[in-house]
There are 2 protein chains.
Amino acid sequence: MKDFSDPAACACFNLRKAARAVTQHYDEALKPCGLRTTQFSILAVLARLSPAPVARLSGALVMDRTTLTRNLKPLVGQGLVAILPGADDRRKRNVSLTAKGRKAFERALPHWQAVQKEMIGRITPTRWQRLEKDLGHTVRAAAES
Amino acid sequence: MKDFSDPAACACFNLRKAARAVTQHYDEALKPCGLRTTQFSILAVLARLSPAPVARLSGALVMDRTTLTRNLKPLVGQGLVAILPGADDRRKRNVSLTAKGRKAFERALPHWQAVQKEMIGRITPTRWQRLEKDLGHTVRAAAES
DNA sequence: GCCAAAAGAGTGTATATACTCATAAAAGTA
DNA sequence: TACTTTTATGAGTATATACACTCTTTTGGC
């Protein structure tokens with residue numbers, strides 16, 4: 001049982017390592033847009049769900065609620081995202097994409113497509129298809145506690 | 001080509017998402033030891049390579065050199081790791097596991113094994129075996145720039 | 001309507017991540 | 001040897017991550 005005796009086989013370590021390695025390429029590619037990968041992902045989710053309360057977004061991103069709150073700060077600072085109190089429920093904060101934010105997202109899209117194509121090409125489309133499924137399964141497996 | 005038009009298919013986003021989800025379990029499991037997953041990983045690598053200069057360790061961890069420097073700080077603070085100037089080359093800083101650090105690592109090992117077993121069980125050993133290979137390939141693919 | 005419980009969200013604190021720039025020492029070269 | 005280049009590293013800054021705690025508002029039970 002190598003998997004349970006050799007820390008180099010650590011599932012967490014290997015996932016984080018791969019995430020670090022890949023993130024650097026995406027961040028580099030999105031640099032001309034003034035966006036990080038995480039920020040692009042948030043805008044992408046918002047493009048579909050805006051406006052939506054914080055908890056709904058953090059669920060969609062599989063990101064801790066408080067993490068999302070912090071991550072929204074620079075986006076709000078840049079005027080790409082606006083946060084408004086909910087009309088029906090004053091506890092809720094509705095996060096929405098501004099016009100500027102939607103433009104920034106659309107400008108970033110081709111840059112993302114380029115690096116995505118490049119990276120999947122390197123990984124190999126076949127392997128990536130498999131990997132994406134396995135990652136999705138992993139997220140669900142981790143979340144089911 | 002769904003992979004190049006739907007940001008939800010983003011390789012980076014999916015990797016980071018899975019890393020986040022899994023990290024929470026490992027951090028929770030290692031909490032009684034006073035270690036985070038990243039710290040455990042560093043100790044595990046040091047258990048094999050200690051003493052080693054910063055650049056050598058960051059290479060082994062596929063972690064940015066400056067990131068490792070920051071990550072070492074709390075470990076040094078807890079006395080688990082010591083950093084000494086190189087005798088041969090005064091530019092180098094040799095990072096080494098202290099006796100206390102080795103003990104902390106050995107105490108943490110069973111906790112890691114438990115969560116590793118639990119997580120691989122959830123993911124499924126077959127899928128994990130495949131995933132680990134694919135992650136390794138991804139790291140190499142990303143690094144070959 | 002009153003009050004306890006639950007839901008939605010922010011803050012304090014600490015770690016994780018990495019780019020840019022600065023520093024110092026070793027190695028190479030004329 | 002003096003000068004340049006390369007190597008090893010740290011510091012400044014900014015974002016990413018999340019647990020514990022707190023605050024406010026809503027909801028449910030009576």
Side-chain angles (χ1 to χ4, degrees), chain A residues 12-13 15-32 34-42 52-59 61-78 80 83-95 142, chain B residues 12-13 15-32 34-42 52-59 61-78 80 83-95 142:
Chain A
C12 190
F13 174 57
L15 276 165
R16 292 178 69 89
K17 195 166 58 173
R20 281 195 299 268
V22 170
T23 297
Q24 292 189 28
H25 284 275
Y26 280 73
D27 277 355
E28 174 68 25
L30 291 174
K31 207 170 194 177
L35 292 174
R36 302 284 201 83
T37 302
T38 302
Q39 302 175 334
F40 175 80
S41 297
I42 292 174
V54 174
R56 172 122 166 64
L57 289 181
S58 69
L61 289 159
V62 191
M63 182 183 286
D64 186 88
R65 184 183 57 75
T66 68
T67 299
L68 176 58
T69 297
R70 313 292 171 130
N71 289 349
L72 285 173
K73 193 164 275 183
L75 295 174
V76 171
Q78 292 177 59
L80 308 182
I83 303 182
L84 297 170
D88 54 329
D89 187 336
R90 277 185 299 174
R91 287 173 305 181
K92 290 184 184 171
R93 298 283 191 148
N94 281 311
V95 184
Chain B
C12 191
F13 174 58
L15 276 166
R16 292 178 69 89
K17 195 166 57 173
R20 280 195 300 267
V22 171
T23 296
Q24 292 189 28
H25 284 275
Y26 280 73
D27 276 355
E28 174 68 24
L30 292 174
K31 206 171 196 178
L35 291 174
R36 302 282 201 85
T37 302
T38 302
Q39 302 176 334
F40 175 78
S41 297
I42 292 174
V54 175
R56 172 124 167 65
L57 288 181
S58 69
L61 290 159
V62 193
M63 182 183 285
D64 186 87
R65 182 183 58 74
T66 67
T67 299
L68 176 59
T69 297
R70 312 289 171 137
N71 289 350
L72 285 173
K73 193 164 275 183
L75 295 174
V76 172
Q78 293 178 58
L80 308 181
I83 303 181
L84 297 169
D88 53 329
D89 187 335
R90 277 185 299 173
R91 288 172 305 182
K92 290 184 183 170
R93 297 282 191 147
N94 281 311
V95 184

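Below, chain A is the first sequence line, B the second, and so on; all start at residue 1. If you're wondering where the values come from, they're calculated on a predicted model, not measured in any experiment.
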Output all residues satisfying side chain to side chain donor-acceptor pair (under 3.5 Å) with [X], sequence neighbours left out; order by chain, then residue number.
X: T37(B); result: D27(B)
X: R70(A); result: none
X: T66(A); result: D64(A)
X: T23(A); result: R16(B)

I need the [atom1]-[atom2] distance between [X] and [N], as an integer number of Å.
X: L30(B); N: dA18(D); atom1: CG; atom2: P; value: 16 Å
X: R36(A); N: dA14(D); atom1: CZ; atom2: P; value: 11 Å
X: N94(B); N: dT7(D); atom1: CG; atom2: P; value: 19 Å

Practice item. Using heavy atoms and a sub-4.0 Å distance, could you list which residues of residues 61-70 of chain B are near DNA chain C? By number, please. Key: M63(B), D64(B), T66(B), T67(B), R70(B)
**Study point:** Set of side-chain contact (heavy atoms from CB on, under 4.5 Å) partners for T69(B), sequence neighbours left out
**Key:** V54(B)
Review point. Who passes side-chain contact (heavy atoms from CB on, under 4.5 Å) against A29(A), sequence neighbours left out?
Key: V115(A)
Point to revise | Comparing E28(B) and A55(B) on DNA chain D - which has the more 5′ nearest nucleotide | key: A55(B)
Taking N or O atoms only and anything under 3.5 Å, show me the protein contacts with nucleotides 23-29 of chain D, one pair per line.
unit_1, atom_1, unit_2, atom_2, d
dT25(D), O2, R91(A), NH1, 3.4
dT26(D), OP1, R90(A), N, 3.0

Point to revise | Contacts of type ring pair (Phe, Tyr, Trp, His ring centres under 6.0 Å), residue F40(B), not counting sequence neighbours | key: F105(B), W112(B)
Study note, to complete from the structure: Contacts satisfying salt bridge (Lys or Arg N to Asp or Glu O under 4.0 Å) that involve residues 83-92 of chain B (not counting sequence neighbours) are D89(B)-R91(B)
Point to revise | Along DNA chain C, first and last positions that approach a heavy atom of chain B under 4.0 Å | key: dT15(C) to dA26(C)
**Study point:** Interatomic spacing from CG in N71(B) to OG in S58(B) - rounded to 0.5 Å
**Key:** 11.0 Å
Check your understanding: How far does CG of L61(A) sit from OG1 of T67(A), to the nearest 0.5 angstrom?
Key -> 10.5 Å
Practice item. Identify, between V54(A) and Q24(A), the residue whose nearest nucleotide on DNA chain C lies closer to the 5' end. Key: V54(A)
**Study point:** P74(B) vs I83(A), nearer the 5' end of DNA chain C by closest nucleotide
**Key:** I83(A)
Point to revise | Derivation and outcome, side chain to side chain contact (heavy atoms under 4.5 Å, CB included), residues L30(B) and Q39(B) | key: CA-CA 10 Å; L30(B) 292 174; Q39(B) 302 176 334; over 6 Å; no
Point to revise | Contact under 4.0 Å: K31(A) side-chain N or O vs dA14(D) OP1/OP2 | key: no
